[in-house]
Enquirer: 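Below you will find the structure I want to go over with you.
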Protein chains: 2
Amino acid sequence: MNLKQLSQVLGLSQTTVSRALNGYPEVAEATRQKIVDAAERHGYRPNARAKSLATGRAMAVGHVLPVSAKGEIVNPVFADFIAGASESYLAHGYDLVLSLVPDDAEEDAYRELATKGSVDGIIVHNPRIDDRRIPLLRDIGLPFVVHGRISRHGDDYDWVDVNNLRAFRRAAEFLLDLGHRRIGLINGQTAMDFADRRLHGYLEALEAREIAPDPALIASDLMTESYGHTAASAMLALPDPATAFLCSSMIPALGARRAIEEAGLDMPRDVSVITHDDDLGYLSNGGAAGGSVPIFTATRSSVRLAGRLCAERVIDLVQTPGQAPQQHLLEADLTVGRSTGPAPRAADRHREDTARNA
Amino acid sequence: MNLKQLSQVLGLSQTTVSRALNGYPEVAEATRQKIVDAAERHGYRPNARAKSLATGRAMAVGHVLPVSAKGEIVNPVFADFIAGASESYLAHGYDLVLSLVPDDAEEDAYRELATKGSVDGIIVHNPRIDDRRIPLLRDIGLPFVVHGRISRHGDDYDWVDVNNLRAFRRAAEFLLDLGHRRIGLINGQTAMDFADRRLHGYLEALEAREIAPDPALIASDLMTESYGHTAASAMLALPDPATAFLCSSMIPALGARRAIEEAGLDMPRDVSVITHDDDLGYLSNGGAAGGSVPIFTATRSSVRLAGRLCAERVIDLVQTPGQAPQQHLLEADLTVGRSTGPAPRAADRHREDTARNA
DNA sequence: AATCAATCCCAAAGCGCTTTGGATATACGC
DNA sequence: GCGTATATCCAAAGCGCTTTGGGATTGATT
């Protein structure tokens, strides 16, 4: 059943039916009621493609996810982000189209997205330090909002981000206050913008206490469980081992905990761990919702909320273009869990070492 | 730059230009070359909406994800599945549109998807035991393929699934062969079809050895880390505690391991664990790619591959309709890792208990 | 009774593409 | 030289919707 048929059934013109269904004022209330009823009864739904062609609106926003040509991994964080964004889309009648773009064809892919006209705006994921997408997107002229930031550019574009620097600085200070001096940073890939900010937060905290950073205590990679395990193991095996870890995500934190236990150490007695927690549904850290004490002391910020905010913003940009860029910096809150405690005294450490080597 | 403009620039008709670009034979090779060059030079890209309206093809497939009205969690498995599917879509020029549909508006949402015409086919996620979507989708008439199966229906629809029953039966038998008699099943939600099949695999294995299942050893819930922890803890605290766990996913398996360690027990010496492993990028179990010994003994089946297969199939269905339904049953392979070992003898268990209570 | 402004409705022109059904020109076989 | 293919190209009709620019009709106002 299309518009033409429906209008014929009703003995009205397509114009009137269209107007009635789209809530224009030029149609008598009684007529509108009749039209709406008939539409309902016949299960009429306007064809999205035709509508979109006529209005110039796709009623969809694209999420573009750069993937390295060698088959990158999709971050589980992404699932929760999408879930959040979908809430907004559902409420506003937008569709979500997902494109994985191989980064060797980036420019082309983005331009295509725009000229193809299947989306009205886009959400940019996984910004990297040297990301070249801002000028490209501005050139293309499609509204966009970035989940995260790109340091090299000013604030002349829309973004939603967590205050990564502050979060990691605070977390590091917390550990320093507990007496830790050997704090391992288990970070994300160096190329990622968020990882860079976290590194700086960590470094700032050390510098404030006049502690020289040790390259052996700084790791960066894709945030898998096994990476967390490997990195933590290495740092625990140092001559002057780490007594605390700062992890970029729950997943490597689980790996770090495994490393700690394998080394015959106890968390938090021997080694403390703080992790950033994106508040993923499937990796709940306890606390907050549950009321229980969280497993990990964590800097928490809901990536689901970030998804909702990004979507809300891009819809706003689509509907009323030409706005000044707007930024949304989310603060992560530090919740203390059961993974942190005072740094072991040197004497204790020595005793353990002896025990371990026995 | 649209088709009309391009054709004017070239001094040719829209027909010819369109045909040339779409590879129809009715246009001279020299002309085609000229047209293709000009298109490239002007950055011409056909408008997807117009094209789709004209052809009746949306060049997109929808992924529908039921979410319970109370804000369901999006499974991280989904991220990898999508990544796999995207590979196929990329190769075939299809877009992927994602819809979360609240399950109280299910029927409506699916019908809308079809009549709106924004997708040519759909992938059905998270089938439940009593899923009513098969008849609904057939009635709607849009090609679809289910990731998983719906037991109540025969095989008159397309699906791609893991042989969950066989995998869990084999895993349980493996544990039984190691002498375990108290095997805890840490399963997914009872309503999910895959969980039901896994339960049956587990039960079959027990029955074959004439072991009566113990309801206290069977847990079902959303597969979070903390669920794995809670369920395993409870089963370890039973008067006749579990000596092995069979987990439905890596995530609760991590929780189970935590429970084991918290109970002062050792995996695998005191308690063995087998988990199903969806081979998620961010939760690598080791083995396979790495060459190292996997952490967990696991029944592995790549959900990413499943995604690719589903996408491939739905594209095939869209392109040549009216095919007989086709099924793809993936076998999970059991890889032995470091989480399983012989069941502790009663005497050993007793000694530990005494030690623990001291 | 004529005028005016609302009010309600419609015909038709697009949106940018594909595709049908020719038209024209060139080559071929006899 | 004539019919017959064959190769190229084109005008125009959709696809299903929105939207412009009026045309009737009605009721109130002069």
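By convention in this document, chain letters (A, B, ...) are assigned in the order of the sequence lines, proteins followed by strands, and residues within each chain are numbered from 1.
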Enquirer: Walk along DNA chain C from 5' to 3' and tell me the first and last nucleotide with an atom closer than 4.0 Å to a non-hydrogen atom of chain B.
Expert: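 Reading along DNA chain C, I get C:dG16 to C:dG21.
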Enquirer: Just checking A:T31: base, sugar-phosphate only, or nothing, at a heavy-atom cut-off of under 4.0 Å?
Expert: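 Here A:T31 touches the backbone only, sparing every base.
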Enquirer: For B:L53 and A:S18, find the nucleotide of DNA chain D closest to each by heavy atoms; which residue's nucleotide sits nearer the 5' end?
Expert: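 It is B:L53, whose closest nucleotide lies nearer the 5' terminus.
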Enquirer: Return the 5'-most residue of the pair B:R45, B:R19 with respect to DNA chain C, ranking by each residue's nearest nucleotide.
Expert: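 Going by which nucleotide is closer to the 5' end, it is B:R45.
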Enquirer: Knowing that exactly one of A:T15, A:L21, A:N22, A:T16 qualifies, which makes a side-chain contact (heavy atoms from CB on, under 4.5 Å) with A:S18?
Expert: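 Passing option: A:N22.
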Enquirer: State whether B:D95 and A:K116 are salt-bridged, where the test is any N-O pair (Lys NZ or Arg NE/NH1/NH2 against Asp/Glu carboxylate O) under 4.0 Å.
Expert: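 Salt bridge between B:D95 and A:K116, a charged N being under 4.0 Å from a carboxylate O: yes.
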Enquirer: Residues two or more places apart in sequence or in another chain: which of them pass salt bridge (charged side-chain N to carboxylate O under 4.0 Å, His left out) with A:R111?
Expert: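 A:R111: salt bridge (charged side-chain N to carboxylate O under 4.0 Å, His left out) contacts with A:E107, A:D139.
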Enquirer: Over all strands shown, is B:T55 touching base, sugar-phosphate only, or nothing at heavy-atom distances under 4.0 angstrom?
Expert: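 The residue B:T55 makes sugar-phosphate contact but no base contact.
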Enquirer: Have B:S88 and B:R308 got a donor and an acceptor in their side chains that come within less than 3.5 Å?
Expert: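 Note: B:S88 and B:R308 side chains miss the donor-acceptor criterion.
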Enquirer: Look at all strands and tell whether A:R49 reaches a base, only sugar-phosphate, or nothing, counting heavy atoms closer than 4.0 Å.
Expert: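 No contact.
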Enquirer: Checking side-chain polar atoms at under 3.5 Å, does B:Y157 have a donor or acceptor matched by the opposite partner on B:R138?
Expert: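 B:Y157 vs B:R138: no donor-acceptor pair found between side chains.
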Enquirer: Judged by modelled atom types alone, do B:R49 and A:S52 share a side-chain donor-acceptor pair under 3.5 Å?
Expert: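 A:S52 and B:R49 do have a side-chain donor-acceptor pair below 3.5 Å.
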